[in-house]
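Here is the structure we will look at.
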Amino acid sequence: EPLFHSRDRSDLEPSPLRRAQPIADLLAAQRFLSKYGWADAPPGPGSRPPGPAAPRARPPAAALAEAVRRFQKVNALPASGRLDAATLAAMNRPRCGVPDTRPPVSPPPRARPKR
Amino acid sequence: FARWPPPPWGPRPGDAAPRGDARAFAKRTLTWRLLGDEGASSQLSADEQRHILRLAFRMWSEVTPLNFREDVAAPGAAVDIQLGLGRGRHLGCPRVFDGSGQEFAHAWHLGDIHFDDDEHFTPPTSDAGISLLKVAVHEIGHVLGLPHTYRPGSVMQPNYIPREPVLELDWADRKAIQKLYGSCKGSFDTVFDWIRKERNQYGAVTMRFSTYFFRNGWYWLYENRNNRTRYGDPLQIARGWHGIPAQNVDAFVHLWTWRREERYFFKGNQYWRYDSEKDQAYTEDEHGRSYPRRISEGFPGIPSPLDTAFYDRRKQLIYFFKESLVFAFDVNRNQVLDSYPMKITDAFPAIEPQNHPLRNIDSAYYSYAHNSVFLLKGSAYWKVASDKDRQQHSWLPSSGLFPKQSISEKWFDICDVHTSTLNM
């Protein structure tokens with residue numbers, strides 16, 4: 001039984017084992033921004049650099065700063081483009097998992113009901 | 001989400017509006033189900049969860065022509081919206097929850113809703129934790145097709161905002177969802193303003209009024225100053241009004257002169273008098289004569305059943321409508337005026353040719369908010385030219401009817417809900 005002492009279980013503490021990893025560094029922030037539609041996905045390990053024919057993409061730092069700036073603006077934070085403490089705090093707030101800048105999309109194939 | 005492959009089977013029947021609007025369900029009654037076992041929460045009882053979800057669906061139903069019905073019997077694939085709670089990897093979902101904090105739920109457009117059971121979901125009555133009701137209302141908005149917005153006050157803000165004063169769908173949220181599903185339309189049995197005498201802080205008697213819309217066995221209080229129905233309406237007539245018929249009321253008349261103040265409900269060939277102070281229908285008058293009474297007895301010369309009626313305070317006449325005729329009843333002489341009955345088209349002539357309800361009016365309603373009489377029929381109304389109108393445009397015929405307008409564009413969001421949620 002999860003531990004609680006008050007009748008309505010309002011003092012129920014989620015087990016420390018299952019806490020969301022705080023967003024505290026650049027990579028976690030990048031992942032947050034791409035997950036919620038503010039930036040493209042960060043290059044994964046082993047991905048190949050774009051070929052000479054690919055259009056010149058903005059340097060990743062500039063693109064990231066722009067994404068951070070847009071995120072800061074909608075969250076009424078100073079749009080500095082820098083990952084300051086207030087921006088990280090905003091990223092750590094409880095939120096819905098649907099992306100912010102795109103309408104929700106169609107459902108994945110449903111799981112088969114267990115027999 | 002953006003990376004999901006499109007569903008291999010294509011939209012399910014009812015997934016998208018056949019009118020080509022793929023962003024909205026085409027059906028107007030949608031089914032939902034809370035997944036049991038793995039999908040149930042470890043923090044709230046299943047009944048509590050289902051009650052909260054039922055309320056969340058009802059809140060969307062109160063502002064759209066959509067109805068939501070819990071379906072615990074049909075095969076899973078036939079249920080429009082499945083909801084479940086889970087931890088980490090859950091319900092066969094390709095998206096893994098992150099534990100307590102940050103992501104507390106997600107949803108798919110025209111699809112399912114998942115809640116992260118590592119979050120501390122609480123009932124609406126609790127100030128602690130994350131309100132399951134608030135999150136459910138938000139995620140249902142996604143399922144119906146609404147994206148996130150950062151507009152303050154919207155239920156579609158991506159972040160959870162604890163301790164908001166009230167969880168209701170505001171004007172902009174309503175307009176957003178109605179862009180996808182349209183607004184609520186429909187006819188009414190009767191519409192009337194109910195006057196309340198109150199004493200203000202100086203002890204002086206003041207008059208306030210609320211507007212009521214009756215349809216079948218339900219009613220809505222319309223808050224004119226907020227341009228919407230009362231939060232939580234419709235209610236059942238029998239719950240709010242005592243001793244009158246529980247449904248299909250034909251007319252309401254508030255007879256109000258210097259010496260008299262009487263309120264009557266009409267249905268079939270009978271009428272009831274209502275006691276505003278005791279909030280119930282009289283069972284008998286001061287002479288011991290019982291109510292309800294036959295209309296022909298209390299209003300000689302008036303046929304029944306009626307279509308509708310309204311009271312003109314200035315002329316001290318009650319206009320009774322039946323089929324294509326209107327009867328003007330003099331309340332002081334207790335008889336129909338000699339020049340009546342008249343055809344409605346003669347008594348209330350059309351200002352624009354061919355633009356007239358003609359017969360079988362649903363409701364004739366004098367609005368204190370608009371100082372005008374309206375004739376309602378189906379989903380349209382015709383406004384009767386008031387004295388003020390005629391002072392500005394002297395060519396207007398007396399009691400002329402302006403061209404028809406849509407009821408739902410003057411009185412907003414008077415929506416049905418599914419009968420299973422009526423008593424919430």
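Lettering of chains follows the sequences in order, A, B, ..., and the numbering in each one begins at 1.
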Give the interface residues of residues 80-94 of chain A toward chain B, defined by a heavy-atom separation under 4.5 Å. A:A90, A:M91, A:N92, A:R93, A:P94

Could you report the tightest heavy-atom contact between B:H148 and A:D100, atom names first, then the distance? ND1-OD1, 2.8 Å

Interchain contact, B:Y150 with chain A, by part (heavy-atom threshold 4.5 Å): side chain

What's the separation between atom CZ in A:R95 and atom NE2 in B:H106, rounded to the nearest 0.5 Å? 12.5 Å

Residue pairs meeting salt bridge (Lys or Arg N to Asp or Glu O under 4.0 Å), one or both in residues 122-139 of chain B, sequence neighbours left out, come to B:K134-B:E164

Can you tell me how far the CD atom of B:E103 sits from the CZ atom of A:F32, to the nearest 0.5 Å? 10.0 Å

Could you go through the side-chain contact (heavy atoms from CB on, under 4.5 Å) check for B:Q102 and A:I23 one step at a time? CA-CA 9 Å; B:Q102 294 175 39; A:I23 297 167; 3.5 Å; yes

Report yes or no: does A:R19 contribute a side-chain atom to a donor-acceptor pair with the main-chain N or O of B:D118 at less than 3.5 Å? no

Quick check for you: to the nearest 0.5 Å, what is the distance between B:N159 atom CG and A:N75 atom CG? 6.0 Å

With sequence neighbours left out, write down each residue that passes disulfide bond (SG atoms under 2.5 Å apart) with A:C96, or none if nothing qualifies. none

Under the side chain to side chain contact (heavy atoms under 4.5 Å, CB included) rule, collect the residues that match up with B:N423, sequence neighbours excluded. B:Q236, B:R239

A:A20 and B:G101: which non-hydrogen atoms are nearest, and at how many Å? CB-O, 3.6 Å

